[in-house]
Amino acid sequence: MRLVFLGPPGAGKGTQARLLEQRFGLRQISTGDILRANRTRGTELGKRAEGYMRRGELVPDDLVIHMIESELEHTGAGFVMDGFPRTVAQAEALDVMLARRRQPLTAAVLFSGDRAALIRRLASRWTNPRNGRTYNAITNPPKVAGIDDEDGGELIQREDDRADTIAKRLEVYDAQTRPLAAYYRRTGKLLEVDALASVEAVADRIAGAIGAEPAGT
Ligand code: AMP
């Protein structure tokens, strides 16, 4: 099973990718998480990506395509990419990489939902900076405010989840990532889900549509 998740920031891609990883053993590949980890470690890639990320702009295609290429080296047959591809050039590069491996994409899942509701959701998002797990202060709060339920460490609000940067990220999404829906619709790979439905409903819809079997069955 090889999936990519498309949709604006705040649509729940990371949450669903993590669920699919737990339920079906698919490896989650989040370009945002990998870039943030590189930034924290102060790598060359992290340094080159930092300014773009802070401004809510896309990191240049060649950097992320190269990153995904090396991720695929460590990945078996199953993965779910959340946050990649984000441009048509990235989608084309991914198709070439997968064709070379004779492992075509199973589906591209598009998360869509009312813009104002997604912005509200992003603005109340709290993130575990150690592993990318997210909570929502209103719809999915941690048991203790500001503390991760599982590792007991501090939660943060991502720097790019501030109102001005959110607006920029949505603008970038509309201009550069939205055209990907048509790209995947043409090849019959597009699956649309309602991003504002409950976490369980979205997960069931995806699993049903792709005919996923839980890992180990
Ligand atoms: P995310 O966590 O997916 O919202 O990503 C956070 C930031 O990382 C984005 O605003 C971009 O600056 C950068 N980024 C993540 N994935 C990509 C990608 N596929 N292409 C370019 N930039 C990306």
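For this chain, numbers begin at 1 and follow the sequence in order. Order of appearance sets the numbers: ligands from 1, and atoms from 1 within every ligand.
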Where's the contact between Leu35 and ligand 1, heavy-atom distance under 4.0 Å: side chain, backbone, both or neither?
side chain
Where is the nearest protein heavy atom to [atom]: which residue, which atom, and how far?
atom: atom 16 (N) of ligand 1; value: Thr31 OG1, 2.8 Å
atom: atom 11 (C) of ligand 1; value: Glu57 O, 3.4 Å
atom: atom 22 (N) of ligand 1; value: Val59 N, 3.0 Å
atom: atom 20 (N) of ligand 1; value: Gln90 NE2, 2.9 Å
atom: atom 8 (O) of ligand 1; value: Met53 CE, 3.6 Å

Ligand 1 and [X], any nitrogen or oxygen pair closer than 3.5 angstrom?
X: Asp82; value: no
X: Val64; value: no
X: Asp160; value: no
X: Pro85; value: no

Within a distance under 4.0 Å of any heavy atom of Arg158, pick out the atoms of ligand 1 and give their elements.
1 (P), 2 (O), 4 (O), 6 (C)
Pairing of Arg130 and Glu154 as salt bridge, 4.0 angstrom limit
no
May I ask you to say whether Glu50 pairs ionically with Lys47, meaning some side-chain N is under 4.0 Å from a carboxylate O?
no
Would you tell me whether Arg86 and Thr177 have side-chain atoms, one donor and one acceptor, within less than 3.5 Å of each other?
no
Axial cation check for Tyr52 ring with Arg54, 6.0 Å and 45° limits:
no
Could you give the distance from CZ (Arg23) to CG (Asp204), rounded to the nearest 0.5 Å?
5.5 Å
Would you say Arg55 touches ligand 1, if touching means a heavy atom closer than 4.0 Å?
no
Only heavy atoms count here, so choose which of Arg169, Lys13, Arg86 is nearest to atom 3 (O) of ligand 1.
Arg86
